[in-house]
Amino acid sequence: MNEIKKEEEKSLNFLEEIVEEDLSAGRYKSILTRFPPEPNGYLHIGHSKSIILNFGLAQKYGGKTNLRFDDTNPVTEDTEYVDSIKADIRWLGFEWANELYASDYFEQLYLYAEELIRKGLAYVDDSTSEQIAQLKGTPTTPGLDSPYRSRSVEESLQLFRDMRAGKYKDGEKVLRAKIDMTSPNMLLRDPIMYRIKHAHHHRTGDSWCIYPMYDFAHGQSDSIENITHSVCTLEFVPHRPLYEWFIDKLEIFPSHQYEFARLNMTYTVMSKRKLLQLVNDGHVTGWDDPRMPTISGLRRRGYTPESIRLFAEKIGVQKRDNLIDVSLLEFCVRDHLNKIANRRMVVFDPLKVVITNFEQEEEWLSSEDNPEDPETTHRKMPFSRELYIEQEDFMENPPKKFFRLSPGQKVRLKSAYIIQCDEVVKDETGKITELRCSYIPETKSGEAQSNMKVQATIHWVSIPHAITTEVRLYDRLFRVEDPANEEGDFKEYINPDSLQVLPAAYAEPSLKEAKFADHYQFLRKGYFYLDKDSSEEKLIFNRTTTLRDNWAKEQKKS
RNA sequence: UGCCCGAUAGUAUAAUGGUAGUACGACAGAUUUUGGUUCUGUUUGUCUUGGUUCGAAUCCAGGUCGGGCAACCA
């Protein structure tokens, strides 16, 4: 019994192991994590990995998570981003214990800086940034001490106060930590703690003209909040000694930093800088363009929080660089949408079918909303003498494995009747203009001959009842798997066919009632979601993703 | 030619000194009023060379390969 249970247990990722070890060793009574975005862009699917990790870790072990905006660089940050970040986190299904800002700690951070100066561990440097870079050395050659390094504590203290008081222009002076100019870790070669920026801050306004650098703000912010596990991405590994150095010298609560590999995904880019370029250069319509890997883009496209959380669970957490196949994300969203999406029929590329022996004006047929749901509801669909089916569902000279309609052959119309193609009508150019078919009355769904064997079932709409809708079909944004690592500019690899707009597809009338709360499966076409550009007069649907398509695969082979 | 991190099927991820497993993908089949879903099966892997050990993906040493580090960005 015990063994069976053990087998079913999911193995822990390395961070969960660390937390369990810390908890069982009694190092903490409970854990506190944080999610620390800089409000300088929109969140993307990579951030969702971090969000789910930080909030999930706390949830799993009965702890809490703070949301802390890392707003130490006023020139790139904005409240627009603060709002979008909060909305995205909530949409993913998480609520933070406290909403905090690194800028809340500017006064405390300033006092910490004075303390380090008094301890002889920091000094004001008058060098230009070029001089500082010059003396910094390179990864293979040690740096040299700045001439200002030996300045007295009193002088540095006075100068630092003057910096705060606004006596200097941007770039004239910086405050640096006095560590080791010969350290093999470049970040320990007297890193800059404060720089002068006469800039308006989105929260503190004009009350400061000096701003702390990331390294002097992040660890202390964690410490002030008593964060137990500060989880960040791999590029911060070399920062960890510095993170610990400041905490150690300041003798404050020892938060600990742990690093995991950021998410990379095929056929897209995952850096805020690159995404911003796509927006600014007009390659996409905005941060929430459905082709973007942003959370807002995925939401608009019709992804669900559940599907993204499932994705995060499946990709796991590790320290090795990775490039996740986007087909895994697609699997996750199909998995969820298959369970919740209502089925509807929409014809994208119409071919007229006349049912020659159908004498009534119309007949309303019942069709299930979701066959995956044992308690599915049903809707009524109008059937009439004139219908549209998909062009691709008819072939005059079909190959052997083509199961759909062709001259003399039968197909089932989903939730309606089996029809047979009697005649192909063409115009003078030889183009097929309509199909004349007959229906077999007793084959209506649920009736006597409804289990008659046919090779395929296709979707359809009644022409007189159909409504039109715009449909936007999306494909991958880039033509290559890893555009960021190709030669030259990543933008050269943009897929020119990432968006295909169908101005008028023909939909069954029930779609008039489509809501943003609902996701739809257009039968045999894919999953679709109402776009925010829709209006009373005009419906617009985004294709979230296609269905798996074995027929398409079969065709590709030949 | 410095320091740091890493290396398990195509892509991810498990095995924590004791039978290399899982998911996605691919392929084949069954079921199906969606060429969807579901189900079954097949395929492919421990970077390398030594060492420790009864036994190594796991521990040790050398090598190889990949990534990061020289913003007053985070």
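Naming convention: chains lettered A, B, ... in sequence-line order (proteins, then strands); numbering from 1 in each chain. All values below were derived from every heavy atom in this structure, side-chain atoms included, with hydrogens, water molecules and symmetry-related copies excluded.
- Annotated stems with RNA chain B as a participant read B:2-7 with B:64-69, B:10-13 with B:21-24, B:26-30 with B:38-42, B:47-51 with B:59-63, given as range with range, by first number; only runs of 3 or more Watson-Crick or G-U pairs under 3.5 Å qualify.
- Contact annotation: A/R273 side-chain N/O to B/C73 OP1/OP2 distance is not under 4.0 Å.
- B/A57 and B/G41 are spaced 28 Å apart, taking the C1' atom of each and rounding to whole Å.
- Using a 4.0 Å cut-off between charged nitrogen and carboxylate oxygen, A/E313 and A/K60 do not count as a salt-bridge pair.
- Within the 4.0 angstrom heavy-atom criterion, no nucleotide atom of any strand lies near A/H218.
- When the C1' atom is used for both B/U53 and B/G18, the distance is 12 Å, rounded to whole Å.
- A gap of 14 Å separates the C1' atoms of B/U44 and B/G21, to the nearest Å.
- A glycosidic torsion no more than 90° from 0 defines the syn conformation; B/A23 lies beyond that range and is anti.
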Where do A/K173 and A/D162 land on the salt bridge (Lys or Arg N to Asp or Glu O under 4.0 Å) test, with the steps shown first? CA-CA 10 Å; A/K173 288 185 167 39; A/D162 291 344; over 6 Å; no
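- Remark: A/R203 is positioned above the aromatic ring of A/Y101, its terminal NZ or CZ atom under 6.0 angstrom from the ring centre and at most 45 degrees off the axis.
- Among the nucleotides B/U34, B/U37, B/A74, the one closest to the side chain of A/L523 is B/U34.
- OP1 or OP2 of B/A7 has not a single side-chain nitrogen or oxygen of A/Q318 nearer than 4.0 Å.
- The aromatic ring of A/W551 is stacked on the base of B/G35, with the two ring centres less than 5.5 Å apart and the planes inclined by under 30°.
- Closest heavy-atom contact between A/R320 and A/A261: O-CB, 3.1 Å.
- Checked against the 6.0 Å centroid criterion, the rings of A/H218 and A/Y214 qualify as a close aromatic pair.
- Taking the C1' atoms as reference points, B/G6 lies 16 Å from B/U48, given to the whole Å.
- Taking a 4.0 Å limit (strictly below) on heavy-atom distances, residues 322-333 of chain A reaches RNA chain B at A/N322, A/L323, A/I324, A/D325, A/S327, A/L328, A/F331.
- Across all strands shown, A/R343 has heavy atoms under 4.0 Å from base atoms, whether or not it also approaches the sugar-phosphate.
- Using a 4.0 Å cut-off, some side-chain N or O of A/R320 falls inside it from OP1 or OP2 of B/U13.
- In this structure, A/Q521 reaches the bases: a heavy-atom distance under 4.0 Å links it to at least one base atom across the strands shown.
- Here A/Y211 lies out of heavy-atom contact (under 4.0 Å) with every strand.
- Heavy atoms of A/K339 sit nowhere under 4.0 angstrom from any nucleic acid atom.
- Taking atom C1' on both nucleotides, B/U58 is separated from B/A15 by 9 Å, rounded to a whole Å.
- In this model, the phosphate group of B/C73 is approached by a side-chain N or O of A/K197 to a distance below 4.0 Å at OP1 or OP2.
- When heavy atoms are screened at a 4.0 angstrom cut-off, A/R548 is found touching the sugar-phosphate backbone but no base atom.
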Taking only nitrogen or oxygen atoms into account, show me every contact under 3.5 Å that the protein makes with nucleotides 42-46 of chain B, one pair per line with its distance.
none

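- Of the candidates A/I247, A/N185, A/L188, A/L242 forms a side-chain contact (heavy atoms from CB on, under 4.5 Å) with just one, namely A/L188.
- The residue A/S367 sits apart from the nucleic acid: no heavy atom pair falls under 4.0 Å.
- The stretch residues 369-376 of chain A touches RNA chain B through A/P371, A/E372, each having a heavy atom under 4.0 angstrom from the strand.
- Interatomic distance, A/R189 CZ to A/L135 CG, rounded to the nearest 0.5 Å: 11.0 Å.
- At a threshold of 4.0 angstrom between heavy atoms, the contacts of A/S415 include nucleobase atoms, whether or not backbone atoms are also involved.
- Residues passing the side-chain contact (heavy atoms from CB on, under 4.5 Å) test with A/Y388 are A/V347, A/P350, A/K352, A/V461, A/I463, A/Y506, sequence neighbours excluded.
- In this structure, A/E390 does not pair ionically with A/R404, as no charged nitrogen and carboxylate oxygen lie closer than 4.0 Å.
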Using atom names, set out every protein N or O paired with an N or O of nucleotides 2-4 of chain B below 3.5 Å, distance rounded to 0.1 Å.
from : atom 1 : to     : atom 2 : distance (Å)
B/G2 : N3     : A/P139 : O      : 2.9

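- Residue-level contact check: A/K553 touches the backbone only, with heavy atoms under 4.0 Å from sugar-phosphate atoms and none from bases.
- Donor-acceptor pairing under 3.5 Å is recorded for the side chains of A/E38 and A/T76.
- Using cut-offs of 30° and 60° on the angle between ring planes, the pair A/F383 and A/Y439 is tilted.
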Using the rule given for salt bridge (Lys or Arg N to Asp or Glu O under 4.0 Å), can you reason through A/E392 versus A/K525, listing the C-alpha separation, both sets of side-chain angles and the distance that settles it, and then say yes or no? CA-CA 12 Å; A/E392 62 178 19; A/K525 285 294 181 187; 3.3 Å; yes
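- Using a 4.0 Å cut-off between charged side-chain N and carboxylate O, A/K414 and A/E368 make a salt bridge.
- B/U11 and B/C47 have their P atoms separated by 13 Å, with the value rounded to a whole Å.
- The aromatic rings of A/Y211 and A/F106 sit perpendicular, their planes meeting at an angle over 60°, well past the 30° parallel limit.
- When heavy atoms are screened at a 4.0 angstrom cut-off, A/K414 is found touching base atoms of the nucleic acid.
- Between A/H336 and A/L310 the shortest side-chain heavy-atom distance does not fall below 4.5 Å.
- Side-chain N/O atoms of A/T72 include one lying less than 4.0 angstrom from OP1 or OP2 on B/A74.
- The same atom, P, is picked in B/U1 and in B/G63; the two are 13 Å apart, to the nearest Å.
- If you take CG on A/L365 and OG on A/S415, they are separated by 7.5 Å, rounding to the nearest 0.5 Å.
- A tilted orientation is assigned to the rings of A/W208 and A/Y110, their planes being inclined by 30° to 60°.
- Along RNA chain B, the nucleotide closest to A/N550 and the one closest to A/G137 are compared, and the more 5′ of them pairs with A/N550.
- Taking side-chain N and O atoms only, A/R240 has no distance below 4.0 Å to OP1 or OP2 of B/C69.
- Spacing of P atoms, B/C27 relative to B/A14, comes out at 28 Å, to the nearest Å.
- Among the atoms of the strands shown, none is found under 4.0 Å from any heavy atom of A/T545.
- At a threshold of 4.0 angstrom between heavy atoms, the contacts of A/I315 are confined to the sugar-phosphate backbone, with no base atom among them.
- The residues A/R344 and A/D369 are annotated as salt-bridged, a charged nitrogen and a carboxylate oxygen being separated by less than 4.0 angstrom.
- Here A/E225 pairs with A/R68 in a salt bridge; the nearest charged N to carboxylate O distance falls below 4.0 Å.
- Contacts of A/F402 with the nucleic acid, taken as non-hydrogen atoms under 4.0 Å apart, include base atoms.
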